[in-house]
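Computed from heavy atoms alone, side chains included, the values below leave out hydrogens, waters and symmetry copies.
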Amino acid sequence: MAEEKLDVTKVARGVVPFWGVLGVAAFLMNGFRRVLPVALEPLRSGQPLPPSLGFAYAGFGMFMAYVEGYRGFHLKFSPNVVARALTLTSPRAGVWSRIFAPLYCMELFGSAPGRVVSSWSFVSSIMLLVVAVKRLPPKTRAVVDGGVCTGMSIGILSLFYHYLNLVVFGVLPPIQLEHSKASGTISLCPVTLLSTTLSAVVNIFFGTLLGKEALERFQQRPIGKALMKCPISGKDGGSEAECPMAKFMAGLGAPAPAPDALDGRAATADEPAAPAPN
């Protein structure tokens, strides 16, 4: 187990994974920097906030801290970014994936088509909400931006938490490949909710254009073997007990079943091997 952790931390300390994580963090910090002045305006005005505005300001901040910061960033977005950064150390990852590592880590390319559509919908949702919030009255906009700043600050800290937890202690991030609709739950985060809606609209459009069966085949198509090699063990299709990243590698093409706990157990001869990706 100690040797496995050493290998993981050595991979995570590479320049390319660090560039991918740092680029995503810079993207988030730039957005945080833009909305922070408006969010602090009620506090810098020197006048006491009306009770209704103060309650809305604090309440929406706590709401966004949970649904956006904790559930959206800490449990889903940040772990997946760090996990995808590890795959960039593979010799076959490709030059473009390394140059545009932050975009790759956000799954804007180099992933299964369905996940790429979801990621672009997520980014588009942020842009649409930024435009919409700018049209709100000043006090209402300050409340919204205050909540956004709270959620994004937790997201930035979460990203560095998962990365440093991997680099220092060798703890792999908890990857969640399932979408909220698969678990039967609806996200309360405005960005995620709008992103899910946009993804559904895109799927309906292409489903009407290509046909339902063709769309399903397109969404489930794996991205090929170029990125399926585990950067830690060097295996192309080992069992999940042998390769701690096997679930994530398989998830690049389609969701995989939950792996065994990462307790360092080696695969035995009677354990069925995971099928090799197509």
Side-chain angles (χ1 to χ4, degrees), residues 11-12 14-31 72-73 76-128 130 155 159 162-163 173 175-182 191-192 194-207 209-210 214-231 236 245-256 277-278:
V11 171
V15 175
V16 178
F18 177 73
W19 156 233
V21 174
L22 182 64
V24 176
F27 171 78
L28 296 176
M29 287 188 286
N30 181 59
F73 279 107
K76 297 178 182 179
F77 180 82
S78 298
N80 281 357
V81 166
V82 175
R84 279 185 67 83
L86 284 177
T87 66
L88 291 169
T89 59
S90 171
R92 298 179 293 177
V95 176
W96 294 112
S97 297
R98 293 170 179 171
I99 294 176
F100 300 103
L103 303 182
Y104 172 85
C105 291
M106 290 191 292
E107 292 190 295
L108 296 178
F109 71 95
S111 186
R115 295 185 64 82
V116 172
V117 171
S118 298
S119 298
W120 278 105
S121 298
F122 182 80
V123 174
S124 300
S125 300
I126 294 176
M127 295 179 179
L128 290 175
V130 167
L159 189 60
H162 286 295
Y163 179 72
I175 308 162
Q176 293 190 7
L177 296 172
E178 298 80 6
H179 299 285
S180 59
K181 64 180 181 180
V191 177
T192 305
L194 181 57
S195 173
T196 304
T197 304
L198 289 178
S199 297
V201 171
V202 172
N203 290 335
I204 292 174
F205 174 78
F206 283 103
L209 186 65
L210 304 175
L215 177 64
E216 291 178 351
R217 290 196 301 268
F218 176 77
Q219 290 176 330
Q220 297 175 1
R221 184 182 64 184
I223 63 173
K225 296 182 179 180
L227 297 175
M228 293 300 176
K229 185 175 182 180
C230 178
D236 284 310
M245 291 292 289
K247 178 185 177 182
F248 179 70
M249 296 301 169
L252 289 172
N278 296 325

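- Atom NE2 of residue H162 and atom CZ of residue F77 lie 11.5 Å apart, to the nearest 0.5 angstrom.
- Shortest non-hydrogen contact noted between V21 and L159 is O-CD2, 3.7 Å.
- A heavy-atom distance below 4.5 Å is found between the side chains of F73 and L28.
- Residue G155 comes nearest to S78 through the heavy atom pair O-OG, 3.6 Å, listed as atom of the first residue, atom of the second, then distance.
- Side-chain contact between S119 and M106 is absent, with no heavy-atom pair separated by less than 4.5 Å.
- Remark: side-chain polar atoms of W19 are not paired, donor with acceptor, to backbone N or O of G14 under 3.5 angstrom.
- Annotation for L108 and W120: closest pair O-NE1, 2.8 Å, computed over non-hydrogen atoms.
- Scanning all heavy atoms of the two residues, the minimum distance from C105 to G20 falls at SG-CA, 3.9 Å.
- Side chains of T89 and V16 form no contact here, defined as non-hydrogen atoms less than 4.5 Å apart.
- Residues R115 and N80 meet the side-chain proximity criterion, which asks for heavy atoms closer than 4.5 Å.
- Using a 4.5 Å heavy-atom threshold, the side chains of S97 and T87 count as separate.
- Closest non-hydrogen pair, W96 versus F109, comes out as O-CZ, 3.9 Å.
- Rounding to the nearest 0.5 angstrom, the gap separating the CG atom in L103 from the CZ atom in F27 is 9.0 Å.
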Checklist line | ring-ring contact (aromatic ring centres under 6.0 Å, His included) between F100 and Y104, worked out | finding: CA-CA 6 Å; F100 300 103; Y104 172 85; over 10 Å; no
